[in-house]
Protein chains: 2
Amino acid sequence: MNLERKWKDQLYQEFARIGKCLSSPKRLELIDLLAQGPKSVDQLSKATGMSIANVSQHLQTLHESRLVRFNKKGNFVIYEVAELSVADFMVSLHRLSEKQLVEIQRLKTDILQHHASMEPISLEVLMERMERGEVLLLDVRPEDEYVMGHIPGAISIPIGELEKHLATLPVNKEIVAYCRGPYCLMSAQAVEILKSKGIKASRIEEGVHEWKRYVEHSNKSTQGKASYINN
Amino acid sequence: MNLERKWKDQLYQEFARIGKCLSSPKRLELIDLLAQGPKSVDQLSKATGMSIANVSQHLQTLHESRLVRFNKKGNFVIYEVAELSVADFMVSLHRLSEKQLVEIQRLKTDILQHHASMEPISLEVLMERMERGEVLLLDVRPEDEYVMGHIPGAISIPIGELEKHLATLPVNKEIVAYCRGPYCLMSAQAVEILKSKGIKASRIEEGVHEWKRYVEHSNKSTQGKASYINN
DNA sequence: CAACTATTCAATTGTTTTGTTGAATAGTTA
DNA sequence: TAACTATTCAACAAAACAATTGAATAGTTG
């Protein structure tokens, strides 16, 4: 066979290794979870509803393609995305999928109808109102994910502890909640809780990675890189 | 089962439909080819070395996920990428893959050694020297791909016709060739030809889509969108 | 209309992948 | 050291996939 042909075959074989990682729903969910912060196999198993052995296997596949890495902490094996660019790539994949597959758009609107009428506000609107001090931005993800990185100005109250902390919230500001991103329901749940207590609240659908891409694409002129990661 | 779980399963199922398209080497190669311009099944079959039936089948998979579309022209079925964002997404995938998989980097350097020492120059250097009128930029892809869209200022001489057109090239300028992108060998072949005729030549490894991303990320401040597509 | 072309369809084969189970390993705690 | 925990490994069955072949379709040309 032609040498060039052989070279291309090898090359695309390699690209397909990354592709294969993206071909299983469960694996995609794992990457999305890890994009928010390191997690143990056990945590991932609980979050995705898969058996531990199954999670372990998927993680190995991901590891072979260098999309995730791990280090052992005592008894646990803690996995994380191998690079920040993996998280960024997932945003690309989500964008493309949502653009091309009407089904995804449908699923998204369906669930929001189910969760009362909870249309997200846009990042642009949020930024504006935050600058004017009108809103308090709430990160409702688990605290360790907040610590890994969050939208500047946000405070952390994990969804499970929201009811406890209601008293500490300022009464003169509207609350805007966010969570892992457009396919995470925690921020919607938070708004539901807040509204049920008579607190004015809304949500954005973006998570940290979507936000990051947003600022990189809007104020390109200002500076090189936002330093929102505490590592 | 939990409603939220069920929703997520459906959602990730959909994402995985896009992922599945990316899990086969041949399918990736097809998308890359189509990203350069519309092609018939037969053309794709020749370009990839696959059987026609096989190509048709892959194209159907891609079509089900809305990554490609087609229209019939006489006896032929002409496929193309469904959206420009598909091509852009492929650049993301290439970037990520090349970053994570050393194997790809190795394959790339290997082939270039094989093709004499033909290190590409950077886009930045190219732009600078083009502005100073020092270089002539040569698009060596098939002409229809050039017509679909090209780097501004480039002229089209398909690789197969390069030898014929040697006389028409200006003698006072250095030639810089480009082709489909980092995984296409045509620009390297062009440089080889030119050098063998005593013409000073080099190449960039970027193609149209990589170039587009480059300008979008560098002069973000200037304007919204480069209008390099002739449609 | 007949011959021809490009493409798709359908059936088949062998291969890969998925999820499951239960056992094995490595590390921790009492 | 014994009991325990978290994770991985190995083996298996079921399902999904890729490539091949030959027939079927739709369109064109003489």
Side-chain angles (χ1 to χ4, degrees), chain A residues 1 5-6 8-10 12-31 33-34 38-65 67-80, chain B residues 1 5-6 8-10 12-31 33-34 38-65 67-80:
Chain A
M1 196 201 295
R5 188 64 260 150
K6 215 149 121 190
K8 286 209 172 149
D9 282 349
Q10 286 182 293
Y12 279 100
Q13 190 79 37
E14 292 297 319
F15 288 130
R17 271 174 62 184
I18 302 285
K20 285 214 182 81
C21 290
L22 311 173
S23 70
S24 142
K26 293 300 191 180
R27 229 142 41 206
L28 290 172
E29 197 176 350
L30 289 175
I31 304 177
L33 281 167
L34 290 176
K39 301 202 170 32
S40 72
V41 179
D42 181 76
Q43 281 180 293
L44 291 168
S45 151
K46 290 200 173 93
T48 58
M50 292 192 262
S51 76
I52 287 199
N54 203 183
V55 171
S56 173
Q57 214 169 294
H58 279 308
L59 288 171
Q60 245 132 356
T61 311
L62 293 173
H63 186 247
E64 275 165 33
S65 308
L67 292 181
V68 305
R69 63 182 177 204
F70 61 85
N71 35 31
K72 307 192 178 186
K73 285 239 172 73
N75 226 319
F76 294 79
V77 178
I78 308 290
Y79 279 85
E80 62 191 326
Chain B
M1 196 201 294
R5 189 64 261 151
K6 215 149 123 189
K8 285 208 171 150
D9 282 350
Q10 286 182 294
Y12 280 100
Q13 190 79 35
E14 293 298 318
F15 288 130
R17 272 174 61 184
I18 303 285
K20 285 213 182 81
C21 290
L22 312 173
S23 70
S24 142
K26 293 299 188 182
R27 230 143 39 204
L28 290 172
E29 197 175 350
L30 290 175
I31 304 176
L33 281 167
L34 291 176
K39 299 198 172 35
S40 72
V41 179
D42 181 74
Q43 280 181 293
L44 291 169
S45 151
K46 291 202 173 88
T48 58
M50 293 191 262
S51 77
I52 287 199
N54 203 183
V55 171
S56 173
Q57 214 169 294
H58 279 308
L59 287 171
Q60 244 131 356
T61 311
L62 293 173
H63 186 247
E64 275 165 34
S65 309
L67 292 181
V68 306
R69 62 180 178 205
F70 61 85
N71 35 31
K72 306 191 178 187
K73 285 239 172 72
N75 226 321
F76 294 78
V77 178
I78 308 290
Y79 279 84
E80 63 191 326

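Values below: all heavy atoms of this structure, side chains included; hydrogens, waters and symmetry mates excluded.
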> Return the nearest nucleotide to the side chain of A:S40; candidates are D:dT7, D:dT5, D:dC9.
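Out of D:dT7, D:dT5, D:dC9, the nucleotide with an atom closest to A:S40's side chain is D:dT7.
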> Return the nearest nucleotide to the side chain of A:V77; candidates are D:dT7, D:dT21, D:dT28.
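Between D:dT7, D:dT21, D:dT28, the one nearest the side chain of A:V77 would be D:dT7.
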> Without decimals, in angstroms, what is the distance between B:L59 CG and C:dC9 P?
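Distance check: B:L59 CG to C:dC9 P gives 12 Å.
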> Please give, in whole Å, the distance from D:dT5 P to A:I52 CD1?
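Spelled out: CD1 on A:I52 to P on D:dT5 is 12 Å.
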> So do the side chains of A:N54 and A:T48 get within less than 4.5 Å of each other, counting heavy atoms only?
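No, side chains not in contact.
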> Please figure out whether B:Q57 or B:D42 has its closest DNA chain C nucleotide nearer the 5' end.
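Between the two, 5'-proximity favours B:D42.
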> Is there a side-chain contact between A:R27 and the phosphate of C:dT17, meaning an N or O under 4.0 Å from OP1 or OP2?
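The answer is no; no side-chain N or O of A:R27 sits under 4.0 Å from OP1 or OP2.
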> Would you please confirm or rule out a distance under 4.0 Å between OP1 or OP2 of C:dG19 and any side-chain N or O of A:N54?
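It does, given that an N or O in the side chain of A:N54 lies less than 4.0 Å from OP1 or OP2 of C:dG19.
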> Under 4.0 Å from OP1 or OP2 of D:dA19: is there any side-chain N or O of B:H58 that close?
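For D:dA19, OP1 or OP2 has a side-chain N or O of B:H58 closer than 4.0 Å.
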> How many whole angstroms separate atom NZ of A:K39 from atom P of D:dT7?
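One finds 14 Å between P of D:dT7 and NZ of A:K39, rounded.
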> Would you mind classifying the nucleic acid contact of B:K72 as base, sugar-phosphate or nothing, using non-hydrogen atoms under 4.0 angstrom?
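Since no nucleic acid heavy atom lies under 4.0 Å of B:K72, the category is nothing.
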> Starting at the 5' end of DNA chain D, which residue's closest nucleotide do you reach first, B:K73 or A:V55?
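Its nearest nucleotide being more 5', the pick is A:V55.
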> Can you tell me how far P of C:dT18 sits from CD of A:E29, to the nearest Å?
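Result: 15 Å.
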> Please report the distance, rounded to the nearest Å, between CG in B:N75 and C1' in D:dT25.
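Interatomic distance, CG of B:N75 to C1' of D:dT25: 11 Å.
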> Is there a donor-acceptor contact under 3.5 Å from the side chain of B:R27 to the main chain of B:C21?
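The answer is yes, because a donor-acceptor pair under 3.5 Å joins these two groups.
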> Is the shortest side-chain heavy-atom distance between B:K20 and B:T61 below 4.5 Å?
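The answer is no; the side chains never approach within 4.5 Å.
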> For the pair made of CG in A:N71 and C1' in D:dA6, what is the distance, rounded to whole Å?
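That distance rounds to 15 Å.
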> Take the protein atom NZ of A:K26 and the nucleotide atom C1' of C:dT20, then report the distance between them rounded to whole Å.
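Answer to the nearest Å: 14 Å.
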> Using a strict 4.0 Å threshold on nitrogen-to-oxygen distance, state whether A:R5 and B:E29 make a salt bridge.
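Counted as a salt bridge, because a side-chain N and a carboxylate O are separated by less than 4.0 Å.
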> Does any N or O in the side chain of B:S45 come within less than 3.5 Å of the main-chain N or O of B:M50, such that one atom is a donor and the other an acceptor?
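Between the backbone of B:M50 and the side chain of B:S45 there is a qualifying donor-acceptor contact (under 3.5 Å).
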> Think A:Y79 has a side-chain N or O under 4.0 angstrom from the OP1 or OP2 of D:dA6?
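The answer is no; no side-chain N or O of A:Y79 sits under 4.0 Å from OP1 or OP2.
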> Can you tell me how far C1' of C:dC4 sits from CZ of B:F76, to the nearest Å?
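Distance check: B:F76 CZ to C:dC4 C1' gives 12 Å.
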